[in-house]
Amino acid sequence: MSDWTLAGGSLLLNFSDEVRGVFDRNVQVGNLPESGGVLLGTVHERGLLVTVATTPTRLDRQFRYLFERLPFGHRAVARRQWRKSAGTTRYIGEWHTHPQDIPVPSGIDLNEWQKLAKTRADKRPLLAVIVGRNDLHVELVQGDGHRELLSPYIE
């Protein structure tokens, strides 16, 4: 599913085909460790277009039930995209996998998302995505910890 929305349609979110491909290639099957990265894209009046999802670097820590993203390689990609787009492509949020059919955020996920949302320079909510084996968990997290779940958009 590429299109997602908040309840009532107040925000629309689209994952580009490239981003969906990154998610699909990193689904955690068998004994694969968790993967993840940052989400980059553009902000529009009533929506977000996610165009880039970074993938794990050799510096990140990947385990069966844990992914720790270190900033170095991901930050370089984000800066390059920002410069290339004249400042329109920006950091939107984070993604990682879970070895679950229908992913559910852990307490560690929720704490980390709130910390990241609180430190956003632009004060926008953080987009948080967990890629499961059969589904995505997609939500926005405000700096104050308020969470809003997005659902697949069906016309």
Side-chain angles (χ1 to χ4, degrees), residues 1-16 19-20 22-23 26 28 33-100 102-132 135-153:
M1 181 65 59
S2 295
D3 297 315
W4 294 74
T5 186
L6 286 174
S10 62
L11 176 95
L12 297 174
L13 164 71
N14 177 269
F15 293 113
S16 70
V19 169
R20 287 297 310 194
V22 168
F23 292 168
N26 285 279
Q28 197 175 348
E34 286 192 12
S35 295
V38 300
L39 299 168
L40 308 173
T42 54
V43 176
H44 303 274
E45 186 176 328
R46 285 192 44 225
L48 300 171
L49 175 58
V50 182
T51 55
V52 176
T54 63
T55 55
T57 71
R58 59 182 176 79
L59 301 173
D60 294 329
R61 296 180 54 204
Q62 291 182 265
F63 301 99
R64 177 84 175 133
Y65 299 106
L66 175 71
F67 175 75
E68 184 179 1
R69 179 186 64 74
L70 297 176
F72 311 108
H74 304 276
R75 187 176 294 145
V77 171
R79 284 187 178 143
R80 192 167 46 251
Q81 291 291 325
W82 187 79
R83 275 191 232 107
K84 187 171 117 180
S85 71
T88 59
T89 297
R90 62 172 76 175
Y91 172 82
I92 303 285
E94 303 280 324
W95 76 275
H96 71 280
T97 62
H98 272 192
Q100 300 168 309
I102 300 170
V104 176
S106 68
I108 292 171
D109 294 332
L110 298 176
N111 288 334
E112 186 64 24
W113 293 343
Q114 185 173 353
K115 276 193 250 176
L116 289 167
K118 192 179 283 192
T119 62
R120 296 243 4 218
D122 63 5
K123 304 300 180 205
R124 295 189 62 80
L126 174 84
L127 177 64
V129 177
I130 302 175
V131 177
D135 204 358
L136 297 178
H137 175 91
V138 182
E139 68 176 77
L140 292 174
V141 181
Q142 304 285 343
D144 65 3
H146 179 74
R147 300 167 53 207
E148 294 179 279
L149 196 60
L150 284 90
S151 303
Y153 177 74

Could you report the tightest heavy-atom contact between Pro99 and Glu34, atom names first, then the distance?
CD-OE2, 4.1 Å
On the 0 to 90° scale, with breaks at 30° and 60°, tag the Trp95-Phe23 ring pair as parallel, tilted or perpendicular.
tilted
Any chance you could lay out the side-chain hydrogen bond (donor to acceptor under 3.5 Å, both in side chains) test for Gln81 and Thr89, step after step, and finish with the verdict?
CA-CA 6 Å; Gln81 291 291 325; Thr89 297; 4.9 Å; no
Are more than 12 heavy atoms from other residues, nucleotides or ligands located less than 6.0 Å from atom CG of Leu66?
yes
Mind checking what makes salt bridge (charged side-chain N to carboxylate O under 4.0 Å, His left out) contact with Arg64, not counting sequence neighbours?
none
Are Leu136 and Phe15 close enough, and set up right, to give a side-chain contact (heavy atoms from CB on, under 4.5 Å), and what steps lead you there?
CA-CA 12 Å; Leu136 297 178; Phe15 293 113; 4.2 Å; yes
Counting C-beta onward and ignoring hydrogens, is there a side-chain heavy-atom pair between Pro105 and His98 closer than 4.5 Å?
no
If you measure from CZ on Arg69 to CZ on Arg75, what distance do you get to the nearest 0.5 Å?
8.0 Å
Please find the pair of heavy atoms, one from Gly41 and one from Thr51, that lie closest to each other, and give the distance.
CA-OG1, 3.7 Å
Is there side-chain contact between His137 and Val129, with heavy atoms separated by less than 4.5 Å?
no
Could you report the tightest heavy-atom contact between Ala128 and Val141, atom names first, then the distance?
CB-CG2, 4.4 Å
Tightest non-hydrogen contact, residues Ser2 and Arg20, listed as OG-CG, 3.8 Å
Ile102, CD1 atom: more than 12 neighbouring heavy atoms under 6.0 Å:
no
Look up atom CZ in Arg58 and atom CG in Leu70, then write down how far apart they are to the nearest 0.5 Å.
11.5 Å
Would you mind reporting whether Val138 and Leu149 have side-chain heavy atoms less than 4.5 Å apart?
no
Can you check whether Thr57's main-chain N or O pairs, donor with acceptor, with Asp60's side chain at less than 3.5 Å?
yes
Is there side-chain contact between Asn14 and Leu48, with at least one heavy-atom pair below 4.5 Å?
no
Under 3.5 Å: donor-acceptor pair, side chain of Arg46, backbone of Gly9
yes
Could you check whether any side-chain heavy atom of Leu127 comes within less than 4.5 Å of a side-chain heavy atom of Leu13, counting everything from C-beta outward?
yes
Under the 3.5 angstrom rule, does the side chain of Thr5 hit a backbone N or O of Leu11 as a donor-acceptor pair?
yes
Note, Leu126 side chain near Tyr91 side chain (heavy atom, < 4.5 Å):
yes
Approximate separation, where rounding is to 0.5 Å, of Leu39 CG and His74 NE2:
11.0 Å
Any chance you could measure Glu112, atom CD, to Glu68, atom CD, to the nearest 0.5 Å?
8.5 Å
For Glu94 and Val38, work out which heavy atoms get closest and say how close.
OE2-CG1, 3.7 Å
Could you walk me through whether Trp4 and Leu12 pass side-chain contact (heavy atoms from CB on, under 4.5 Å), step by step?
CA-CA 6 Å; Trp4 294 74; Leu12 297 174; over 6 Å; no
Pro103 and Gln100, any side-chain heavy atoms less than 4.5 Å apart
yes
Please round to the nearest 0.5 Å and tell me the distance separating atom CD of Gln142 and atom CZ of Arg120.
10.0 Å
So the ring pair (Phe, Tyr, Trp, His ring centres under 6.0 Å) pairs with at least one residue in residues 49-68 (sequence neighbours excluded) are none
Between the OG1 atom in Thr97 and the CG atom in Asn26, the distance rounded to the nearest 0.5 Å is 7.0 Å
Scan residues 137-152 for pairs that pass salt bridge (charged side-chain N to carboxylate O under 4.0 Å, His left out), counting only residues two or more places apart or in two chains.
Glu139-Arg147
On a heavy-atom basis, which atom in Ser35 and which in Gln62 lie closest, and how many Å separate them?
OG-NE2, 3.2 Å
Taking the side chain as every heavy atom from C-beta outward, state whether Arg90 and Leu40 have any pair of such atoms under 4.5 Å apart.
no
